[in-house]
Amino acid sequence: ALNLLRVWEYTGRVRRGYFVEGLSGMQFVRDAEFAGVSHTLSHPDGRTVWLPAVDPAQPWGKTLTHLPGRSFLNVPGTAVALIGGLPAAVFERRGKVLRVFDPAAGDLSLLTELLKLFAREFSRRRLYARAARVTVSQYPPEAAPALEAAGFTREMNDYLLYRT
């Protein structure tokens, strides 16, 4: 494949460079798509998605090295919130541990929306599909109001979210 890509680079069909920061190795983009790819990489949309850490669409810790202070294990039972493609929060150990990475997610309204999206994805069985509930035992103290606003109920020191 590399020999073919080098020929294509020489003939102008592809461009070689380092387009995705943190992704090692040679990277190639078709010449016709170069402008669109460059624009998308330099202006990522701010969409928020929750993905299982092991999902192939979730690149952190696999094809991209973790950012400082935002590392997590890519194992079943870990769900990652990506805002604009960057890890913002993570549920580990099947939801028992909530960690918030993004300083902007410290804003209560943003964190609440992040957790509401998690609750919707959990209800649709896109996260923890076999679980009837998620029990959050460890969480930052400032996340408690956001958990309640997102539909989690408090029982003792834990927050529970039941599938609807």
Side-chain angles (χ1 to χ4, degrees), residues 19-25 27 29-30 33 36-164:
F19 306 106
V20 179
E21 183 179 341
L23 184 62
S24 64
Q27 301 169 29
V29 174
R30 290 185 195 152
E33 297 169 2
V37 168
S38 296
H39 181 269
T40 301
L41 290 171
S42 61
H43 300 91
D45 65 11
R47 287 187 303 161
T48 301
V49 296
W50 279 94
L51 293 173
V54 295
D55 191 307
Q58 192 291 111
W60 296 101
K62 295 183 261 187
T63 56
L64 298 176
T65 57
H66 285 292
L67 298 172
R70 295 184 188 217
S71 63
F72 53 88
L73 293 175
N74 283 306
V75 296
T78 301
V80 183
L82 302 174
I83 299 177
L86 297 175
V90 64
F91 274 107
E92 296 174 312
R93 296 179 41 216
R94 303 223 178 273
K96 289 187 185 338
V97 179
L98 169 64
R99 293 191 301 136
V100 180
F101 301 136
D102 194 339
D107 170 21
L108 190 59
S109 62
L110 178 60
L111 184 55
T112 300
E113 289 305 311
L114 197 66
L115 294 172
K116 283 182 180 179
L117 179 60
F118 174 86
R120 279 195 303 273
E121 296 297 289
F122 177 72
S123 290
R124 293 177 180 157
R125 294 189 183 274
R126 293 183 180 156
L127 298 167
Y128 308 130
R130 294 183 182 189
R133 73 171 187 255
V134 171
T135 304
V136 184
S137 301
Q138 297 175 26
Y139 50 87
E142 60 274 7
L147 286 162
E148 290 178 12
F152 289 77
T153 56
R154 186 174 177 108
E155 290 186 16
M156 302 295 284
N157 290 329
D158 299 340
Y159 280 95
L160 280 72
L161 177 68
Y162 291 92
R163 192 176 308 281
T164 56

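Owing to the predicted nature of the structure, the values given are computational and were not obtained by experimental measurement. Counting begins at 1 with the first residue of the sequence.
Heavy-atom contacts from other residues, nucleotides or ligands closer than 6.0 Å to CZ of R133 number 12 or fewer.
Taking every heavy atom of both residues into account, A57 and P59 meet most closely at O-CD, 3.2 Å. Among all heavy-atom pairs drawn from A53 and F72, the shortest one is CB-CE1, 4.0 Å. Contact record, A150 with A119: O-CB, 3.7 Å, taken as the closest heavy-atom pair. Across every non-hydrogen atom of V90 and F101, the tightest pair is CG1-CZ, 3.5 Å.
A heavy-atom distance below 4.5 Å is not found between the side chains of L51 and V80. Side chains of E142 and V100 form no contact here, defined as non-hydrogen atoms less than 4.5 Å apart. Counting heavy atoms from C-beta outward, S137 and V97 have side chains that stay 4.5 Å or more apart. Residues I83 and L114 are in side-chain contact: their nearest non-hydrogen atoms beyond the backbone lie under 4.5 Å apart. Here the side chains of N74 and W60 are not in contact, with every heavy-atom distance at 4.5 Å or above. Side-chain contact check for L127 versus V134: every heavy-atom pair is 4.5 Å or farther apart. Proximity of E92 to Q138: side-chain heavy atoms (C-beta onward) are nowhere separated by under 4.5 Å.
Under a 3.5 Å cut-off, the side chain of R99 and the backbone N or O of S71 do form a donor-acceptor pair.
Remark: Y139 pairs with Y159 by the ring-ring contact (aromatic ring centres under 6.0 Å, His included) rule, at least two apart or across chains. Scanning for side chain to side chain contact (heavy atoms under 4.5 Å, CB included) contacts around V54 gives P52, P76, with sequence neighbours left out.
A distance of 11.0 Å separates CG of L115 from CZ of R120, quoted to the nearest 0.5 Å. In this structure, the separation between OH on Y162 and OG1 on T153 is 6.0 Å, given to the nearest 0.5 Å. Atom-to-atom distance recorded for K116:NZ and T48:OG1 is 13.5 Å, nearest 0.5 angstrom. Separating the CZ atom in R94 from the OG1 atom in T135 is a distance of 12.5 Å, to the nearest 0.5 Å. The line from CG of L98 to CZ of R93 is 13.0 Å long, rounded to the nearest 0.5 Å. Atoms CG and CG, on L147 and L160 in that order, are 11.0 Å from each other to the nearest 0.5 Å.
Between F152 and F91, the two ring planes are parallel [angle under 30°; tilted spans 30° to 60°].
We find that E148 and R154 are not joined by a salt bridge, their nearest charged nitrogen and carboxylate oxygen being 4.0 Å or further apart.
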Full working for side chain to side chain contact (heavy atoms under 4.5 Å, CB included) between F118 and L161: CA-CA 10 Å; F118 174 86; L161 177 68; 4.0 Å; yes
